[in-house]
Amino acid sequence: SHPGARHLSELALAIDDDPFRRQIRQAILSQSLETLHRLTKEMPKTPQPAATLWLLGIAQSNTNERAELLMHAQVEYPADFWINFHLGHNLIHFRPSQPDHGARFLQVALALRPSSRVRAHLGHVLVRLNRYEEAEAVIRKGLSLNPRDPLNYWALGHLYCWRGQLEAALAAHHTA
């Protein structure tokens with residue numbers, strides 16, 4: 001995991017005033033899959049905040065359960081950036097991979113935050129879907145908004161690689 005992730009998780013636990021979300025955070029910190037599973041089953045029937053549904057969703061080790069929880073969260077909060085981003089990411093990168101379905105949620109996340117790094121992720125998925133022109137437009141817009149972001153150059157290199165432009169791919173990855 002990321003070097004500062006545990007520290008950030010501990011900090012979030014210390015300042016979070018939501019009792020149910022605190023239980024989720026504690027289960028994540030203690031890496032208790034059994035507790036996370038129990039909390040998922042015992043989720044209060046009252047509507048939960050987007051942050052609670054998102055946190056419980058991304059904490060799932062089972063990718064199907066993660067997708068199911070994030071889908072539920074997206075229905076409840078269709079305009080939440082993080083829910084849409086992680087749902088799209090989950091659908092794209094885990095089995096069975098559904099890149100076309102996942103791309104739609106990344107597009108929603110991008111619409112919510114047009115200058116975010118989601119452009120590079122979306123460009124990468126569009127390349128996998130053989131939608132090269134659309135991918136290039138998305139990636140180039142990301143480069144114009146964030147010319148120093150290595151993720152945009154990584155996505156551009158990925159596009160060039162899939163097009164068979166290996167020297168350009170190497171140059172873009174080197175820049176990244």
Side-chain angles (χ1 to χ4, degrees), residues 1-12 25 28-29 31 33 50-51 53-71 73-74 77-176:
S1 75
H2 193 272
R6 182 162 185 85
H7 176 70
L8 289 173
S9 293
E10 289 170 349
L11 183 61
R25 290 185 192 287
I28 292 169
L29 280 167
Q31 299 180 342
L33 298 178
L53 296 177
W54 167 79
L55 184 63
L56 189 57
I58 65 165
Q60 301 303 309
S61 62
N62 180 298
T63 57
N64 290 331
E65 287 177 14
R66 185 181 312 135
E68 187 178 313
L69 275 163
L70 289 171
M71 283 291 243
Q74 203 278 337
Y77 298 98
D80 185 273
F81 172 80
W82 289 110
I83 289 171
N84 281 287
F85 175 76
H86 282 103
L87 178 56
H89 184 269
N90 190 77
L91 291 170
I92 292 160
H93 294 289
F94 298 102
R95 301 283 178 242
S97 180
Q98 301 172 51
D100 52 342
H101 195 76
R104 282 180 271 204
F105 292 105
L106 290 184
Q107 287 169 323
V108 172
L110 182 59
L112 293 166
R113 292 192 187 168
S115 63
S116 70
R117 299 179 91 197
V118 173
R119 284 186 190 280
H121 293 282
L122 179 58
H124 175 257
V125 175
L126 293 172
V127 167
R128 284 181 53 191
L129 294 169
N130 299 319
R131 293 162 56 183
Y132 300 134
E133 289 177 21
E134 191 178 350
E136 185 166 8
V138 167
I139 295 165
R140 294 248 178 239
K141 180 67 175 181
L143 281 166
S144 73
L145 292 170
N146 301 305
R148 296 180 54 97
D149 187 345
L151 197 56
N152 290 315
Y153 290 98
W154 167 81
L156 185 63
H158 184 74
L159 169 67
Y160 286 145
C161 189
W162 276 56
R163 283 183 167 167
Q165 299 169 287
L166 301 184
E167 284 186 32
L170 216 65
H173 284 137
H174 179 74
T175 303

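Between Asn152 and Arg140, every side-chain heavy-atom pair lies at or beyond the 4.5 Å cut-off. Residues Leu106 and Leu110 fail the side-chain proximity criterion, which asks for heavy atoms closer than 4.5 Å. For the pair Arg119/Leu151, no side-chain contact is recorded, criterion being any heavy-atom separation below 4.5 Å from C-beta on.
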**Prompt:** Between Gln107 and Arg104, is a side-chain contact (heavy atoms from CB on, under 4.5 Å) present by the stated rule, with each step listed?
**Reply:** CA-CA 5 Å; Gln107 287 169 323; Arg104 282 180 271 204; 4.1 Å; yes

**Message:** Run Asn84 and Val118 through side-chain contact (heavy atoms from CB on, under 4.5 Å) and show every step you take.
**Reply:** CA-CA 11 Å; Asn84 281 287; Val118 173; over 6 Å; no

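Across every non-hydrogen atom of Ser97 and Ile92, the tightest pair is OG-O, 2.6 Å. Listed here is the closest heavy atom pair of Cys161 and Ala169: N-CB, 3.6 Å. When every heavy atom of Pro96 is checked against every heavy atom of Asn64, the shortest pair comes out as CD-OD1, 4.4 Å. In this structure, Ala73 and Leu53 approach most closely via the heavy-atom pair CB-CB, 3.6 Å. Counting all heavy atoms, side chain and backbone alike, Ala176 lies closest to Pro150 at O-CB, 3.3 Å. Between Leu156 and Ala172 the shortest heavy-atom distance is C-CB, 4.2 Å.
Put simply, NE2 on His86 and CZ on Phe105 are 14.5 Å apart, with the number rounded to the nearest 0.5 Å. Atom CD of Gln60 and atom CD1 of Ile28 lie 9.0 Å apart (nearest 0.5 Å). Atoms CD and CD1, on Glu134 and Ile139 in that order, are 10.5 Å from each other to the nearest 0.5 Å. A distance of 12.5 Å separates CD1 of Ile58 from CG of Leu87, quoted to the nearest 0.5 Å. With rounding to the nearest 0.5 angstrom, the CZ atom of Phe85 is 4.0 Å from the NE2 atom of His121. Here CH2 of Trp82 is found 6.0 Å from CZ of Arg113. Values are rounded to the nearest 0.5 Å.
Proximity of a side-chain donor or acceptor of Arg131 to a complementary backbone N or O of Leu126 within less than 3.5 Å is not detected. Although no hydrogens or angles enter the test, the distance criterion places no donor-acceptor pair under 3.5 Å between the side chain of Asp80 and the main chain of Gln74. A donor-acceptor contact shorter than 3.5 Å links the side chain of Tyr153 to the backbone of Pro147.
Counting heavy-atom neighbours within 6.0 Å of Glu65 CD, excluding the residue itself, gives a total above 12.
Scored by the side-chain contact (heavy atoms from CB on, under 4.5 Å) test, Ala51 finds Arg21 as partners (sequence neighbours excluded). His158 pairs by the side-chain contact (heavy atoms from CB on, under 4.5 Å) definition with His124, Val127, Arg128, Trp162, not counting sequence neighbours.
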